[in-house]
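What you see below is based on every heavy atom in this structure, not just the backbone, and it leaves out hydrogens, waters and symmetry mates. Here is how names work: the chains are called A, B, and so on, in the same order as the sequence lines, proteins then strands, and each is numbered from 1. What you see is a predicted model, and the numbers here were worked out from it, not measured in a lab.
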Amino acid sequence: HILDPSQEEAVNSPGPVVVVAGPGTGKTRTLAHRAVRLVRDGVPPGRIAAVTFTNKAAGEMRERILGLAGKEAEGLWTGTFHSLCLEILRDRGKDFEVVDDLEATRILEEVMAELGEKGRVQATYESLCRIRARGEKGGKLLDAYRGRLKAYGLWDYEELLWDAVELLEDPEVLGKVRDRFRHILVDEFQDVNLPQYKLVRLLAGDGKGLFVIGDPDQAIYGFRGADYRFFFKLKEDFPQARWVYLRTSYRCPEPILMAARRIISHNPDRFPVKLSAHRKEGPRIRLLRPSSELAEGIAVVREIGRMVGGATMLRAGGETERSFGDFAVLFRTAHQVEVLEECFLKEGLPYRVVGGRGFLEEPSVRGALTFFRFLLDPHDPFRARMVLSEGPFSLPPAEREKASRRITEGDWGRLGRLREVLEEFEGMEDKPAHEAVKKWTEIFGEDGHLLRLMRLAEGRGSLRNFLGMLPLYKDGDYERRGEGARTEAVSLMTLHAAKGLEFPVVFVVGVEEGLLPHAEGDPEEERRLFYVGMTRAREELILSAAKSRILHGRRAELPPSRFLRELPEDLVVRETPGPRRRRTSSQLSLF
DNA sequence: CTTCTCTTCATTTTT
DNA sequence: TGAAGAGAAG
Ligand SMILES: Nc1ncnc2c1ncn2[C@@H]1O[C@H](COP(=O)(O)OP(=O)(O)OP(=O)(O)O)[C@@H](O)[C@H]1O
Ligand SMILES: [Mg+2]
């Protein structure tokens, strides 16, 4: 628990404090120390809020703080911006239900049908979110969509933020909330969007309780409206703020850090903060050039197997023995996980997929859950609408309005089936949840996801009870496992999901032009994404660029990423594929 | 209103 | 390659 002088300064300076620092400089750790310092200085823990963007990060922050302070810090509030907004709004008696983006999309779909708007619902939804995240003016469609949410008593993720901001714009309310949260500490500040920034500014007031920390070079959520330039806005809004720079990276060994710095230096208009590695020694970055994405997966899996040392004699002299938990495999797009999973399964190595869609978001599971929620409260217009939107009773968007109106008049029309099923489930609300799921699968058929739901429901009380606690699982360790009970597993995740994490050995795969940088992305943000990926490594970094991969159903030859050209040659070892193995007949048949 | 065929388009994710 | 949407045909 030793802090370096800059970290000390960040921890001890009176607010407002703004810390700008690169990867692995101990930002999250410093934030935790500051929280603990505040408590030790006599601030009641309940008056402190430590905020980030994901539940996972918030959970880790909490662990770190409690790990440092133990009981002393109990009652300290940690959470995401969204949960902070919920807390504030519910405290003031405003209690809508929060809908996820799939539910929100169904609502938008309906509004679009009513207005005769054509086009992709998903894409339209994303654009409406972006518009709101940037505080831009929306059109008729956005107004209608917002009106509909309000009518149903719902918040989507963006409305939740803006409603909290609106509430805090009332000085009287703001006074009360500021009294509740006298100190606000924000990690990963580079990824705030407009309503989140406004929230911070409002809660901070004169700024005495404000502490923000982040790294503009790690801003990777611009695509959804975040803007790292809010760092500069702080300079205007809190001119009295103390700016602190942390210049030592404790995570990456020097070769990796230098290479990453070289790459990020290709972005223009950066914050000029120097950064040096605490650990001067370390291996060079290795670069693999497998022939395809399958070969890439195989190479990764084989390399991990070798390093873990099933066959110790294969490890080069002096190489550390690793366990599976030491490894992360990072990639640009979520679907890349599929080939990797195949390879891990085939070799029987334990892995876990971090982030991404959980099985609770699978259509079959959603269909069942939507029906169950409707069953609990058939008079809730939103629940009634949802049961007509997804699952076995779904109707085209334009017809849902009419159908639900007719149902209230007792005319079920073609939805007689829904009535029958409702009758069959009568009284199930307060019976064990897994029985309800079982019954559902008997009627509509089962699949692996529903079976998993059944298992989750077992021993979790009544259906009513189970549905009430589901949101807790949601964040839910979506962990697909190669091997049952092993806790030590290789982590597979997108570069986005890896933000803030660290692993002894990191693979970044698919470092190809068009994929990383992604063809459709902002090249500077793509570069930051790669920078984030590289700097997750505590000891070793292995990059891979496949010579070809299947893209949009066609095998495409992708040139190596421009980022590889930006790497200093002397920090990279280019590896040709290992000792050639005999070709199997299946490999031969490819030619 | 359902079912079909044809076209278009593909990132990343928060309670 | 495959999902989602548009439009036509049944
Ligand atoms: N003063 C220090 N002395 C030794 N190790 C430190 C020190 N400060 C931080 N570390 C270590 O450096 C690593 C990175 O710390 P941390 O995750 O807090 O960095 P970060 O700046 O939040 O990184 P990121 O930008 O990736 O979020 C951790 O393993 C942490 O324990
Ligand atoms: Mg951090």
Side-chain angles (χ1 to χ4, degrees), chain A residues 51-58 79-90 95-105 109 112-113 116-126 129-130 132-133 154-161 164 188 191-193 195-196 219-226 330-338 354-358 360-361 363 394-399 402-403 413-415 470-476 478 493-499 510 514-522 525-526 528-530 532-533 549-556:
Chain A
V51 192
T52 46
F53 292 84
T54 67
N55 286 315
K56 195 157 170 249
T80 62
F81 275 100
H82 291 88
S83 55
L84 179 66
C85 290
L86 260 184
E87 178 99 2
I88 290 170
L89 287 159
R90 291 198 167 143
D95 194 6
F96 280 14
E97 189 180 343
V98 179
V99 289
D100 62 31
D101 55 350
L102 287 133
E103 291 167 317
T105 303
E109 175 180 54
M112 285 173 73
E117 296 259 355
K118 311 257 166 222
R120 300 185 164 229
V121 186
Q122 194 69 37
T124 310
Y125 177 69
E126 277 157 24
C129 288
R130 216 163 21 239
R132 288 177 293 165
L154 306 172
W155 284 310
D156 69 6
Y157 296 134
E158 239 53 57
E159 287 313 289
L160 178 57
L161 298 175
E188 308 278 10
D191 284 318
V192 292
N193 65 21
Q196 289 163 338
I220 54 177
Y221 283 100
F223 74 92
R224 65 175 196 206
L330 312 181
F331 37 85
R332 178 62 180 85
T333 64
H335 71 254
Q336 287 174 263
V337 80
E338 286 164 26
V354 178
R357 303 239 107 121
L360 291 172
E361 266 123 301
S394 67
L395 297 172
E399 287 159 42
K402 240 185 300 165
R414 279 171 311 106
L415 288 166
L470 256 192
L472 303 177
Y473 293 97
K474 199 164 162 172
D475 178 42
Y478 167 46
M493 69 188 100
T494 63
L495 289 161
H496 284 90
K499 185 174 80 163
L515 190 59
L516 184 58
H518 198 280
E520 329 242 330
D522 163 15
E525 184 152 306
E526 296 294 311
R528 292 192 291 266
L529 202 45
F530 186 52
V532 167
R549 76 173 58 232
I550 298 212
L551 219 61
H552 310 324
R554 308 176 63 86
R555 182 154 292 283

Colleague: Can a side chain N or O of A:T54 be found less than 4.0 Å away from OP1 or OP2 on B:dT14?
Modeller: no
Colleague: What nucleotide among B:dT2, B:dT14, B:dC1 has an atom nearest to a side-chain atom of A:K402?
Modeller: B:dC1
Colleague: Partners of A:Q336 by side chain to side chain contact (heavy atoms under 4.5 Å, CB included), sequence neighbours excluded?
Modeller: A:F331, A:R332, A:T333, A:V509, A:L515, A:R549
Colleague: If you look at every strand shown and take non-hydrogen atoms under 4.0 Å, does A:A497 touch a base, only sugar-phosphate, or nothing?
Modeller: nothing
Colleague: Return the polar atom pairs (N/O with N/O) between nucleotides 4-6 of chain B and the protein under 3.5 Å, or none.
Modeller:
none

Colleague: Which residues pass the salt bridge (Lys or Arg N to Asp or Glu O under 4.0 Å) test with A:D522, sequence neighbours left out?
Modeller: none
Colleague: Apply ring pair (Phe, Tyr, Trp, His ring centres under 6.0 Å) to A:H496 and list each qualifying residue two or more places apart in sequence or on a separate chain.
Modeller: A:Y221, A:F223
Colleague: Identify whether any heavy atom of A:E525 sits under 4.0 Å from a base atom; if not, whether one sits that close to sugar-phosphate; answer base, sugar-phosphate or nothing.
Modeller: nothing
Colleague: In whole Å, measure the gap between the P atoms of C:dA4 and B:dT11 for me.
Modeller: 12 Å
Colleague: Kindly point out which of B:dA10, B:dT14, B:dT15 is positioned nearest to the side chain of A:R224?
Modeller: B:dT14
Colleague: Whole-Å distance between B:dT14 C1' and A:D191 CG?
Modeller: 11 Å
Colleague: Please list each protein N or O that sits under 3.5 Å from an N or O in nucleotides 1-5 of chain C, with the distance.
Modeller:
from	atom 1	to	atom 2	distance (Å)
C:dT1	N3	A:H552	O	3.4
C:dT1	O4	A:H552	O	3.4
C:dG5	OP1	A:V121	N	3.0

Colleague: Does the side-chain ring of A:F53 sit on the six-membered ring of the B:dT14 base, less than 5.5 Å centre to centre and under 30° in tilt?
Modeller: no
Colleague: Report the relative orientation of the aromatic rings in A:F53 and A:F81; use parallel for angles under 30°, tilted for 30 to 60°, perpendicular for over 60°.
Modeller: tilted
Colleague: Please give the distance between the C1' atoms of C:dG2 and B:dT13 as a whole number of Å.
Modeller: 22 Å
Colleague: Identify, with sequence neighbours excluded, every residue that meets salt bridge (Lys or Arg N to Asp or Glu O under 4.0 Å) alongside A:R120.
Modeller: none
